Asker: 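A single structure is presented below for examination.
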Protein chains: 2
Amino acid sequence: MTGTCEMKGFLSFLVLRLISKKAMSGDDIRSELEKRKGCRPSAGTIYPVLKELSSRGLIVEEKGGGRIKKYTITPTGQKELKVATRKFVAMFYDLKDEF
Amino acid sequence: MTGTCEMKGFLSFLVLRLISKKAMSGDDIRSELEKRKGCRPSAGTIYPVLKELSSRGLIVEEKGGGRIKKYTITPTGQKELKVATRKFVAMFYDLKDEF
DNA sequence: ATAGTAGTATCGGATAACCGATACAAGTGC
DNA sequence: GCACTTGTATCGGTTATCCGATACTACTAT
């Protein structure tokens, strides 16, 4: 997710994971994150992330009639997610007992 | 760890976890992170984190003779870590199968 | 058609994460 | 003593994160 030695990019990672489970809109993601974190991320936080993931070809808009865009993960996204997840687990593996 | 709706602060969280396991020096932490991430975080990354954790009373220097400072977690740090870990798990609970 | 609403999108600015370079402190070996 | 090494620390600058405010789009209902 990061490229260099950085801890940044966790939000992108999390969003990609959510989308990988099922197609979601920007607002769906905000709601899910609200459930998990207890506070609702701003629109100005989420849409740029979606845009970036999109520009990297990891997700695509699923044009489904209405004005609500649903995003789905691409094969490239799947691969990236796998790598990122592996890295994530390597980093935090000592947390496994906490789950 | 964060306070607001932010994803930032994962490095601090991780460092605090490492120290909670056993007393470590700045360089120990860099080495451990290198093992986990595959690249070595800069000194300019780690020491400011240590300083900040210290200033918040979550860790303390263990003055042990030599020039190598070891840090240990404080009771306050323990409590903070517990809270932060709970938040972390709530956020990423769907990753439990990946561990 | 007009008003209202829900979801999407962007922009500007503040914060903090992170690195590279540099400097400092305290041992070790010759 | 003097070079060398190892670990600690700071400073400056770049980049990313994140938010609040604002605007846009398109569907809905009256």
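Just so we're on the same page: letters track the sequence lines, and every chain starts at 1. No experiment lies behind these values; they were computed from the predicted model shown.
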Asker: Check the distance between C/dA16's P and B/Lys51's NZ and give it to me in whole angstrom.
Answerer: 15 Å
Asker: Taking only residues two or more places apart in sequence or in another chain, which ones pass side-chain hydrogen bond (donor to acceptor under 3.5 Å, both in side chains) with B/Thr85?
Answerer: B/Arg17
Asker: Between D/dC19, C/dG20, C/dA9, spot the one nearest the side chain of A/Tyr71, thanks.
Answerer: C/dA9
Asker: Can you tell me the distance, in whole Å, between the CZ atom of A/Arg40 and the P atom of D/dC18?
Answerer: 16 Å
Asker: With sequence neighbours excluded, tell me which residues meet side-chain hydrogen bond (donor to acceptor under 3.5 Å, both in side chains) with B/Glu61.
Answerer: B/Lys63, B/Lys69
Asker: Holding to side-chain hydrogen bond (donor to acceptor under 3.5 Å, both in side chains), I want the full list of residues that pass it with A/Arg30, two or more places apart in sequence or in another chain.
Answerer: none
Asker: A/Asp28 and A/Ser25: side-chain donor and acceptor closer than 3.5 Å?
Answerer: yes
Asker: Mind calculating the distance between CZ (B/Phe10) and P (D/dC18) to the nearest angstrom?
Answerer: 9 Å
Asker: Not counting sequence neighbours, which residues clear side-chain hydrogen bond (donor to acceptor under 3.5 Å, both in side chains) with A/Glu52? List them please.
Answerer: A/Arg56
Asker: Could you check which of C/dT10, D/dT10, C/dA9 has an atom nearest any side-chain atom of B/Pro48?
Answerer: D/dT10
Asker: Once side-chain contact (heavy atoms from CB on, under 4.5 Å) is applied, do any residues pair with A/Val49, and if so which ones, sequence neighbours excluded?
Answerer: A/Leu11, A/Ser12, A/Val15, A/Leu53
Asker: Report the distance from atom CG of A/Leu11 to atom P of D/dT15, rounded to the nearest whole Å.
Answerer: 21 Å
Asker: For A/Phe88 and A/Phe10, I'd like to know if the aromatic rings sit close, meaning centre-to-centre distance below 6.0 Å.
Answerer: yes
Asker: Report the distance from atom CD1 of A/Ile29 to atom P of C/dA9, rounded to the nearest whole Å.
Answerer: 11 Å
Asker: Name the pairs: protein N/O against N/O of nucleotides 2-7 of chain D, kept only if under 3.5 Å.
Answerer:
from	atom 1	to	atom 2	distance (Å)
D/dG7	OP2	B/Asp27	OD2	3.4

Asker: Nearest-Å distance, CG (B/Leu14) to C1' (C/dC18)?
Answerer: 15 Å
Asker: Nearest heavy atom decides the nucleotide; on that basis, is B/Ala43 or B/Glu52 closer to the 5' end of DNA chain C?
Answerer: B/Glu52
Asker: Measure from CG on A/Leu33 to C1' on D/dC19 and round the result to the nearest Å.
Answerer: 14 Å
Asker: Once you round it to whole Å, what is the distance between C1' of C/dT10 and CD1 of A/Ile46?
Answerer: 15 Å
